[in-house]
Participant: 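Got a structure for you, written out below as structure tokens; questions coming shortly.
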Amino acid sequence: MFAYELQQARRADLQNRADAWRLARDAKAARTSDRRTRRSADRTDASADSASGSSASPRPTRGRVRHAHRAA
């Protein structure tokens with residue numbers, strides 16, 4: 001009887017872990033989708049701004065800003 005109870009507890013633990021993993025995966029997918037939607041909207045806005053002749057963009061650089069390191 002004790003082995004059966006251990007097996008049931010192990011199964012319940014694995015099921016809970018799987019459910020938590022699925023929730024985390026779905027939340028990450030939703031965040032990624034939202035981020036892609038915002039980026040595509042930003043790109044569309046930026047291309048419309050550049051087409052209208054505006055030279056000042058709200059985000060002048062798209063990547064990391066690299067700073068020169070000072071020598072000691």
Side-chain angles (χ1 to χ4, degrees):
M1 186 67 168
F2 185 68
Y4 176 74
E5 291 168 351
L6 282 177
Q7 180 184 11
Q8 291 300 315
R10 175 76 173 141
R11 183 183 180 283
D13 181 47
L14 289 174
Q15 187 66 43
N16 288 338
R17 286 183 185 199
D19 291 341
W21 183 83
R22 284 187 203 97
L23 286 173
R25 180 195 61 189
D26 293 346
K28 182 179 178 183
R31 287 191 307 268
T32 301
S33 175
D34 291 344
R35 189 178 311 118
R36 285 182 181 155
T37 302
R38 283 193 309 267
R39 285 183 181 172
S40 67
D42 287 346
R43 287 185 188 126
T44 303
D45 293 343
S47 65
D49 289 344
S50 65
S52 67
S54 173
S55 62
S57 70
R59 300 173 91 186
T61 58
R62 294 296 290 176
R64 286 183 13 186
V65 176
R66 297 180 186 252
H67 299 283
H69 293 284
R70 299 175 79 179

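Remember, it's a predicted structure, so these values are computed and weren't measured experimentally.
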Participant: In Å, rounded to the nearest 0.5 Å, how long is the span from CG of Asp42 to CZ of Arg35?
Facilitator: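 Reported value, rounded in 0.5 Å steps: 13.0 Å.
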Participant: Under 4.5 Å side-chain heavy-atom separation, chaining through any Ile, Leu, Val, Met, Phe, Trp or Tyr, what else clusters with Leu14? Say none if it is isolated.
Facilitator: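 Direct or chained contacts put Leu14 with none.
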Participant: For Ser40, is there any backbone N or O sitting under 3.5 Å from a side-chain donor or acceptor partner on Thr44?
Facilitator: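 Looks like yes, one N/O pair under 3.5 Å.
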Participant: What residues, two or more places apart in sequence or in another chain, satisfy side-chain contact (heavy atoms from CB on, under 4.5 Å) together with Arg36?
Facilitator: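 Expected list: Thr32.
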Participant: Per the salt bridge (charged side-chain N to carboxylate O under 4.0 Å, His left out) rule, what does the pair list look like for residues 16-28, sequence neighbours excluded?
Facilitator: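 Residue pairs with at least one partner in residues 16-28: Asp13-Arg17, Asp19-Arg22.
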Participant: Excluding sequence neighbours, so at least two apart, what forms side-chain contact (heavy atoms from CB on, under 4.5 Å) with Glu5?
Facilitator: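 Once residues adjacent in sequence are excluded, the partners of Glu5 under the side-chain contact (heavy atoms from CB on, under 4.5 Å) criterion are Met1, Phe2.
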